[in-house]
Amino acid sequence: MARFDAENELQRLIGDFLKEHHLEIHHTEFKKEGPEWKLKVFLDKPMDAAEEYVSIDECEEVTRYLSDRLDEEDLIDRAYTLEVSSPGLDRELIKPEDFVRFAGRLVDVKLFRPLDGRKERTAELIGLEDGIIRLKDEDGELEIPRDKVSKIQLAIIF
């Protein structure tokens with residue numbers, strides 16, 4: 001295979017397995033890091049799951065299953081390292097469903113260019129509608145076009 005389409009190929013390979021184990025793919029990355037290629041698979045729980053976080057045991061189980069399936073299919077034409085993990089407590093919000101799931105939570109927002117003199121802010125997520133991220137902070141409600149945001153992730157407050 002000339003170009004490995006990680007998201008689609010992995011969904012095809014392990015989609016049913018993940019569904020049976022109440023897991024889903026949050027996102028994938030297949031890229032060169034230093035001298036090595038890495039296939040990173042970030043797992044998540046579905047929105048309706050009883051538990052919010054993916055366990056280490058679940059990551060290990062998916063790693064074993066996926067490694068076997070990738071070996072069987074021989075889809076990747078170069079040496080690589082497989083890493084399976086969860087998106088973490090400070091997970092990046094990527095899919096539209098993430099903005100529904102985590103509405104009401106505090107998020108850290110990083111912008112490509114300053115807005116009102118600030119490139120970063122922490123605010124409560126209201127949601128995402130028609131490509132506009134709606135937030136609420138001490139100054140009131142704020143609307144930021146999604147394409148102006150370089151990264152939005154759950155805030156970790158200690």
Side-chain angles (χ1 to χ4, degrees), residues 3-34 36-63 66 80-158:
R3 185 178 178 288
F4 179 65
D5 181 358
E7 195 88 23
N8 289 327
E9 289 296 336
L10 294 177
Q11 193 59 46
R12 180 183 66 79
L13 283 177
I14 64 170
D16 291 339
F17 178 84
L18 293 177
K19 203 171 277 187
E20 289 171 18
H21 291 82
H22 308 287
L23 296 167
E24 60 189 23
I25 295 173
H26 181 262
H27 75 281
T28 62
E29 297 173 4
F30 184 59
K31 61 185 178 183
K32 192 169 186 175
E33 291 183 4
E36 292 186 356
W37 280 87
K38 295 206 176 176
L39 173 57
K40 296 181 180 183
V41 180
F42 297 87
L43 302 175
D44 205 355
K45 296 282 187 173
M47 276 182 61
D48 61 354
E51 295 177 18
E52 186 174 356
Y53 301 105
V54 177
S55 73
I56 291 172
D57 292 339
E58 290 170 316
C59 289
E60 288 175 359
E61 189 173 3
V62 171
T63 299
L66 177 56
Y80 65 94
T81 301
L82 174 64
E83 295 179 9
V84 177
S85 64
S86 74
L89 296 175
D90 61 344
R91 72 180 58 222
E92 185 173 359
L93 306 184
I94 297 172
K95 301 174 185 176
E97 304 88 59
D98 294 338
F99 291 85
V100 172
R101 180 179 188 170
F102 297 107
R105 301 269 292 266
L106 286 179
V107 292
D108 291 325
V109 181
K110 294 180 182 170
L111 305 171
F112 289 112
R113 299 197 192 292
L115 177 67
D116 298 330
R118 297 169 60 186
K119 278 186 77 173
E120 297 183 11
R121 65 179 66 231
T122 299
E124 180 183 330
L125 176 66
I126 296 172
L128 174 71
E129 294 177 32
D130 300 322
I132 305 293
I133 299 171
R134 295 183 54 233
L135 305 165
K136 185 171 123 182
D137 66 10
E138 64 275 357
D139 299 325
E141 287 195 19
L142 178 66
E143 294 183 345
I144 303 173
R146 179 71 178 106
D147 63 356
K148 305 290 184 201
V149 175
S150 65
K151 188 173 191 177
I152 180 169
Q153 64 191 77
L154 292 182
I156 297 180
I157 307 297
F158 293 99

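Below, all heavy atoms of this structure are taken into account, side chains as well, without hydrogens, waters or symmetry copies.
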Mind checking the [atom1]-[atom2] spacing from [X] to [Y]? Nearest 0.5 Å is all I need.
X: Ile14; Y: Leu43; atom1: CD1; atom2: CG; value: 6.5 Å
X: Arg105; Y: Glu124; atom1: CZ; atom2: CD; value: 11.0 Å
X: Lys148; Y: Leu111; atom1: NZ; atom2: CG; value: 10.0 Å
X: Glu24; Y: Leu18; atom1: CD; atom2: CG; value: 9.0 Å
X: Glu36; Y: Lys31; atom1: CD; atom2: NZ; value: 14.0 Å
X: Lys110; Y: Ile152; atom1: NZ; atom2: CD1; value: 11.5 Å

Using 4.0 Å as the upper bound for N to carboxylate O, is an ion pair formed by [Y] and [X]?
X: Glu58; Y: Lys45; result: yes
X: Asp44; Y: Arg91; result: yes
X: Glu141; Y: Arg134; result: yes

Heavy-atom side-chain proximity of [X] to [Y] below 4.5 angstrom:
X: Leu154; Y: Leu89; answer: no
X: Glu33; Y: Lys40; answer: yes
X: Val62; Y: His21; answer: no
X: Ile144; Y: Leu142; answer: yes

Can you list the steps and then say if Arg146 with Phe99 is a side-chain contact (heavy atoms from CB on, under 4.5 Å)?
CA-CA 11 Å; Arg146 179 71 178 106; Phe99 291 85; 3.9 Å; yes
Just checking [X]: does its [atom1] atom have more than 12 heavy atoms from other residues, nucleotides or ligands closer to it than 6.0 angstrom?
X: Glu51; atom1: CD; result: no
X: Lys19; atom1: NZ; result: no
X: Ile156; atom1: CD1; result: yes
X: Asp16; atom1: CG; result: no
X: Arg113; atom1: CZ; result: no

Taking ring pair (Phe, Tyr, Trp, His ring centres under 6.0 Å) as the cut-off, I'd like each qualifying pair that reaches into residues 39-63, sequence neighbours left out, listed once.
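Matches after skipping sequence neighbours: His27-Phe42.
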Do side-chain atoms of His26 reach the backbone of Glu92 as a donor and acceptor pair under 3.5 angstrom?
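Confirmed, His26 side chain pairs with Glu92 backbone.
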Start with the C-alpha gap between Leu10 and Ile25, add the side-chain angles, then the distance that decides, and say whether side-chain contact (heavy atoms from CB on, under 4.5 Å) holds.
CA-CA 9 Å; Leu10 294 177; Ile25 295 173; 3.9 Å; yes
Of all the heavy-atom pairs spanning [X] and [Y], show the shortest one and how long it is.
X: Ser86; Y: Cys59; value: N-SG, 4.0 Å
X: Arg101; Y: Pro46; value: NH2-O, 4.0 Å
X: Phe112; Y: Val149; value: CE1-O, 3.4 Å

Please step through side-chain contact (heavy atoms from CB on, under 4.5 Å) for the pair Leu135 and Asp137, ending with a clear verdict.
CA-CA 7 Å; Leu135 305 165; Asp137 66 10; over 6 Å; no
Given Val107, which of Asp98, Thr122, Leu125 fulfils the side chain to side chain contact (heavy atoms under 4.5 Å, CB included) condition?
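Exactly one candidate clears the test, Leu125.
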